[in-house]
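Computed from a prediction, not measured in an experiment: that's the story for all the values here. Every chain is numbered from 1, with letters handed out A, B, ... down the list of sequences.
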Amino acid sequence: MNADYDPEDIETRWQSTWEAQGVYRAGAQGGEPYYLLEMFPYPSGRIHMGHVRNYSIGDAHCRYLRMKGFDVLHPIGWDAFGMPAENAAIKNNSHPGKWTYANIKEMRDQLQRMGLSYDWDRELATCHPGYYRWEQKIFLEMLERGIAYRSKQWVNWDPVDQTVLANEQVVDGCGWRSGAPVEKRELESWSIRITDYADELLSDLEQLDQWPDAVRAMQRNWIGRSIGARIDFPMDGADDLEPITVFTTRPDTLLGCTYMALAAEHPLALELARRAGTQEAVSAFIEQVQADKSAAGHGDIKEKKGIFTGMHAQHPLTERKIPIWIANFVLMDYGTGAVMSVPAHDQRDFEFARTYGLDLIPVIQPPDLEAPLEADTMEAAYEGGGTLFNSPGFDGLDFEAAKTAISEKLKASQRGGPTINFRLRDWGVSRQRYWGCPIPVVYCDNCSIVPVPDDELPVELPQDVSFSGAGSPLADHPTWKHVECPQCGGPAVRETDTFDTFWESSWYFLRYLDPRNESQPFSPEAVQKWFPVDHYIGGVEHACMHLLYARFFTKFLADAGYFETREPFTRLTTQGMVIKDGAKMSKSKGNVVDPNEIIDRYGADTARLFMLFAAPPEKELEWNPNGVEGSYRFLRRVWRLGLAAAEVEETDLPENLSKGDRDLRRSTHWMLKKVGHDIEQHLHFNTAIAAIMEHMNAVSSSGLGGDLKVHPAVAREAMVCSVQALAPFAPHIADELWFKLGGEKPLITCPWPEVDEEAAAADEVTIAIQVMGKLRGTVQVPAGASKDDILAAAKGDANVQRHLDGKTIVKEIVVPGRLVNFVAR
RNA sequence: GCUGGAGUGGCGGAAUUGGUAGACGCAGCGGAUUCAAAAUCCGCCGUUGAUGAGACGUGUGGGUUCGAGUCCCACCUCCAGCACCA
């Protein structure tokens with residue numbers, strides 16, 4: 001009679017039933033809307049354990065919320081543009097789209113085998129023109145509002161992927177995808193003024209109180225707001241040149257400035273050298289710096305090097321002559337690419353000055369030092385605070401007051417003033433690749449940059465391309481780029497760069513709301529109903545790229561009038577990595593476990609259960625084959641007990657329950673309460689599942705399947721509730737048993753069981769008894785026992801008496817339901 | 001260096017936020033069942049002690065408290081992100 005647990009049979013049957021009944025469709029049941037989203041996958045070909053974990057977490061939450069009566073939107077799609085498709089196309093001499101769609105099909109099958117609760121009607125692929133036409137439109141709105149601009153600038157060039165990278169995409173000086181050392185190139189390209197939103201992106205982090213602190217901190221660092229001053233240094237003896245502007249956080253040390261340093265890429269570097277006649281040496285130095293950077297792979301500079309340009313600036317307050325140097329440690333990417341050097345109070349400047357024999361002028365006196373700082377005896381820069389000296393007009397001021405005083409003075413004489421500087425740079429979005437969304441502009445000799453008119457969108461990628469050449473197939477295409485200028489009708493050429501693929505993922509969560517809309521990117525009604533995303537789940541590696549861009553897009557779209565919401569993701573969960581043998585799973589380490597094999601062997605329910613049980617979502621998860629086996633063993637146990645319960649006669653709960661009945665009912669309802677609580681409070685599925693396991697131990701002890709020691713109705717209830725509680729984690733086996741126990745609709749469409757608080761409450765509690773804070777015994781008392789009764793019972797304990805013997809109790813502490821502590825002398 | 005986080009049995013991890021440290025699972029040990037195996041079931045399982053009483057025990061050292069894994073001070077180690085950021 002007892003068929004063995006056969007996950008494959010159960011899972012395929014339920015997956016088709018669910019699909020046939022459309023139980024996952026958003027709006028299928030009504031209820032309060034809830035938008036639950038996991039980061040969509042790149043269709044690389046196969047899903048990996050990281051995906052399985054990510055989607056198991058999201059699915060468990062989704063199923064729980066559905067049972068709690070929410071109308072959950074839970075969509076899935078494909079982040080389908082990107083380099084791997086193009087590389088595969090080059091290798092196989094085929095088309096990236098072919099590779100991409102084949103992978104999507106493969107991965108869709110895999111996800112469906114996991115039995116995930118997605119609304120597949122909303123599936124989207126970002127490489128589809130029906131998707132990307134709307135991001136072209138959004139770009140044109142950015143262009144119109146001055147948020148998108150084209151400029152010639154120094155960019156990060158990935159020599160392997162043959163494309164430009166944004167700052168965020170350079171990791172340790174290497175391309176985030178290719179791993180190749182990044183080079184600096186000067187290119188015409190498109191940028192997005194994300195820096196216009198720097199302040200808001202920073203300050204709104206405050207309100208994201210359901211985001212992990214780590215992610216907020218990373219974004220805060222990334223945006224890098226610092227308060228300081230902008231200071232203009234006029235040129236000495238070259239009146240036709242603009243002053244050199246620097247940014248400093250220490251305007252109080254301005255009088256200690258003895259030289260200036262420019263980045264090698266600074267536009268004035270060569271110009272100054274040309275005027276001073278040091279061109280040859282300086283350009284050799286600049287080339288050396290560039291070569292060192294490429295060779296080191298990183299921005300890692302071993303020793304500080306520099307060269308004097310031969311030119312001088314004037315100190316903005318004293319008009320003293322300030323030599324202008326070029327130095328390898330000055331970054332063009334930060335501030336203005338030029339710094340004022342105060343060697344007495346900045347360690348880098350100090351080292352540089354000592355190397356090249358430059359002057360030191362100490363101007364801040366440390367508060368705990370009696371003798372004044374002296375240039376000749378200093379062994380390191382003093383970077384702390386103190387009182388100003390050697391600073392005519394500011395001597396005696398505290399350094400903090402001096403920051404303001406000097407900034408204001410500069411402002412008054414129009415030589416700078418207080419300012420706030422950000423580390424965040426504008427977002428360079430041009431990519432010299434084919435498999436991306438075309439940037440919808442054309443270049444016309446008469447009209448310059450012309451946006452593609454709305455009725456000509458989307459600008460589609462041509463299908464007939466060859467990947468033989470080194471550059472972009474779009475640039476090499478014989479006809480595609482040649483068009484009539486939309487403005488003057490003359491000959492024009494299309495932009496052949498495509499967008500950074502982070503462009504697609506910056507707004508896909510909005511397209512899900514209305515994925516087939518052909519007249520707008522999404523309807524206001526859909527946004528009104530679902531946006532923002534209530535809970536977003538994904539990997540922490542996107543903390544500073546995707547999540548920052550998505551926040552920016554949302555703010556821009558709000559400003560463009562699409563909606564009011566200014567933050568896209570209310571709650572964020574960043575799940576930990578799946579590791580094996582202490583290391584991230586990777587082909588090179590040979591420690592990859594293929595989800596397919598696990599599902600073949602144990603079924604999806606076991607794989608999911610293990611992933612949720614082994615660790616809370618935000619922690620790393622160590623893949624443990626024995627642990628998987630344990631989860632499988634548990635489900636088999638549930639299966640047997642479930643079948644046994646289905647055999648038990650169906651009756652009402654009796655009026656009078658035996659102690660055994662009450663104990664099992666307490667276990668049942670305590671478990672339900674605990675599962676609900678753990679999911680709602682912290683998404684701690686691991687402790688929720690532990691509670692179900694604990695309860696199953698109690699069910700097992702009740703004799704179910706053998707000599708039943710409890711009332712049949714109590715035993716049935718115990719199993720029915722277990723199956724319901726298990727539904728978010730192992731949905732297939734849960735539905736199968738649910739139907740065997742008399743259920744008529746899939747559990748995801750059924751309400752979460754009510755906790756019977758009375759049954760869940762204990763009628764007896766164990767009180768710990770301490771003497772002087774040390775545990776000396778325990779005692780069982782009725783749940784509502786009075787303090788006096790508890791104390792009496794505690795004093796009755798033989799061991800406690802032994803420890804109190806010969807002592808006087810000076811204090812009795814009673815924590816109701818918990819413990820008693822006797823303080824005795 | 002800066003920022004964020006974490007240190008609990010052989011392992012993954014619990015501990016209602018100041019109240020019996022080690023739930024649940026894995027591994028291990030012992031037993032039942034079996035001709036045997038698989039599967040299943042029961043018991044033990046921080047260290048020490050003897051199966052008892054006890055002592056010790058949540059990275060280290062102090063402190064607050066009747067009572068500290070939890071709070072305070074100082075330190076150590078590990079992980080992650082950023083890093084010559086002016």
Specify the glycosidic conformation (syn or anti) of B/U17, with syn defined as within 90° of 0. syn
B/G10 versus B/C45 - spacing of their P atoms, nearest Å: 15 Å
Quote, to the nearest angstrom, the P distance that separates B/C73 from B/U3. 16 Å
Do the side chains of A/D805 and A/R802 get close enough for a salt bridge, i.e. N-O under 4.0 angstrom? no
Can you tell me how far C1' in B/G46 sits from the matching atom in B/G57, rounded to whole Å? 7 Å
P gap between B/C29 and B/C78, integer Å: 35 Å
Show your working on side chain to side chain contact (heavy atoms under 4.5 Å, CB included) between A/E812 and A/K795 and close with a plain yes or no. CA-CA 11 Å; A/E812 291 168 338; A/K795 286 172 187 166; 2.8 Å; yes
Separation of A/M332 atom CE from B/C85 atom C1', in whole Å? 14 Å
Taking any heavy-atom pair under 4.0 Å as a contact, classify A/P212: base, sugar-phosphate, or nothing. nothing
Give a yes/no on whether any side-chain N or O of A/R636 is located under 4.0 angstrom from OP1 or OP2 of B/U40. yes
Which donor-acceptor pairs under 3.5 Å do side chains of residues 251-263 of chain A form with protein atoms, sequence neighbours excluded?
{"from": "A/D252", "atom 1": "OD1", "to": "A/R250", "atom 2": "NE", "distance (Å)": "3.1"}
{"from": "A/D252", "atom 1": "OD2", "to": "A/R250", "atom 2": "NE", "distance (Å)": "3.2"}
{"from": "A/D252", "atom 1": "OD2", "to": "A/R250", "atom 2": "NH2", "distance (Å)": "3.0"}
{"from": "A/T253", "atom 1": "OG1", "to": "A/R250", "atom 2": "O", "distance (Å)": "2.8"}
{"from": "A/T258", "atom 1": "OG1", "to": "A/D359", "atom 2": "O", "distance (Å)": "2.9"}
{"from": "A/Y259", "atom 1": "OH", "to": "A/D349", "atom 2": "O", "distance (Å)": "3.1"}

A/L205 and A/R551: CA distance, side-chain angles, deciding distance, side chain to side chain contact (heavy atoms under 4.5 Å, CB included) verdict: CA-CA 10 Å; A/L205 286 172; A/R551 293 182 63 217; 3.3 Å; yes
Measure from NZ or CZ of A/R423 to the centre of the six-membered ring of A/W222, then state whether that distance is under 6.0 Å and the direction lies within 45° of the axis. yes
Kindly say whether A/T419 contributes a backbone atom to a donor-acceptor pair with the side chain of A/R230 at under 3.5 angstrom? no
In whole angstrom, give me the gap between the P atoms of B/G62 and B/U70. 14 Å
Are A/Q288 and A/D292 linked by a side-chain donor-acceptor pair shorter than 3.5 Å? yes
Is a donor on one side and an acceptor on the other found under 3.5 Å between the side chain of A/Y602 and the backbone of A/D605? no
Nearest-angstrom distance from the residue atom NE2 of A/H684 to C1' of B/A15: 13 Å
In 5'-to-3' order, the base (B), backbone-only (S) or no-contact (-) status of each nucleotide in nucleotides 20-30 of chain B, using a 4.0 angstrom heavy-atom cut-off, is B--BBSSS---
Looking at every strand, decide which applies to A/V342 at a 4.0 Å heavy-atom threshold: base, sugar-phosphate, or nothing. nothing
Rounding to an integer number of Å, can you tell me how far A/W623 CH2 sits from B/C11 C1'? 17 Å
Write down the distance separating the P atoms in B/A74 and B/G4, rounded off to the nearest Å. 15 Å
Rounding to an integer number of Å, can you tell me how far A/D346 CG sits from B/G1 P? 17 Å
So, for A/A760 and A/H669, which heavy atoms are closest and what is the spacing to 0.1 Å? CB-CB, 3.7 Å
RNA chain B: A/K674 or A/E622, which has the more 5' nearest nucleotide? A/E622
Where RNA chain B forms stems, i.e. three or more consecutive Watson-Crick or G-U pairs with both distances under 3.5 Å: B:1-7 with B:76-82, B:10-12 with B:24-26, B:28-32 with B:40-44, B:46-48 with B:54-56, B:59-63 with B:71-75
From B/C82, B/G54, B/C56, pick the nucleotide closest to the side chain of A/R423? B/C82
Please tell me if A/K774 has a side-chain N or O lying less than 4.0 Å from either OP1 or OP2 of B/G57. no
Mind calculating the distance between NZ (A/K584) and P (B/A80) to the nearest angstrom? 12 Å
Remember a base hit wins even if backbone is also touched, and classify A/N328 as base, sugar-phosphate or nothing at under 4.0 Å, heavy atoms. nothing
Residue pairs involving residues 683-700 of chain A (criterion salt bridge (charged side-chain N to carboxylate O under 4.0 Å, His left out); sequence neighbours excluded): none
Of the listed nucleotides B/C84, B/C41, B/G19, the one nearest the side chain of A/R640: B/C41
Sticking with atom C1', work out how far B/U8 lies from B/C41, rounded to a whole angstrom. 32 Å
What is the ring orientation for A/F352 with A/Y356, classed by angle as parallel under 30°, tilted 30 to 60°, or perpendicular over 60°? tilted
May I have the distance from A/L262 (atom CG) to B/A86 (atom C1'), rounded to whole angstrom? 13 Å
Can you tell me the distance, in whole Å, between the CD1 atom of A/I322 and the P atom of B/A86? 21 Å
Between A/R250 and A/R802, who's closer to the 5' end of RNA chain B by nearest nucleotide? A/R802
Just by protein heavy atoms under 4.0 Å, how would nucleotides 2-7 of chain B read 5' to 3' in B, S and -? -SSS--
P-based separation of B/A27 from B/G12 [nearest Å]: 15 Å
Atom-pair distance (CD1 on A/I579; C1' on B/C11), nearest Å: 12 Å
Measuring to OP1 and OP2 of B/A53, would you say a side-chain N or O of A/H803 lies under 4.0 angstrom away? no
Counting any heavy atom closer than 4.0 Å, what does A/V823 reach on the DNA or RNA strands: base, sugar-phosphate only, or nothing? sugar-phosphate
So, OP1 or OP2 of B/G54: does either fall under 4.0 Å of a side-chain N or O from A/R776? yes
Residue pairs fulfilling side chain to side chain donor-acceptor pair (under 3.5 Å) with at least one residue in residues 332-341 of chain A, sequence neighbours excluded: A/K184-A/D333, A/S226-A/Y334, A/Y334-A/N421
Testing B/A86, B/C84, B/C42 for proximity to the side chain of A/S700, the answer is B/C42
If the plane angle is over 60° it's perpendicular, under 30° parallel, otherwise tilted; pick one for A/Y5 and A/W639. tilted
Which is it for B/G59, anti or syn, if anything within 90° of zero counts as syn? anti
If you measure from the Lys or Arg side-chain nitrogens to the Asp or Glu carboxylate oxygens, is any gap between A/R354 and A/E351 under 4.0 Å? no
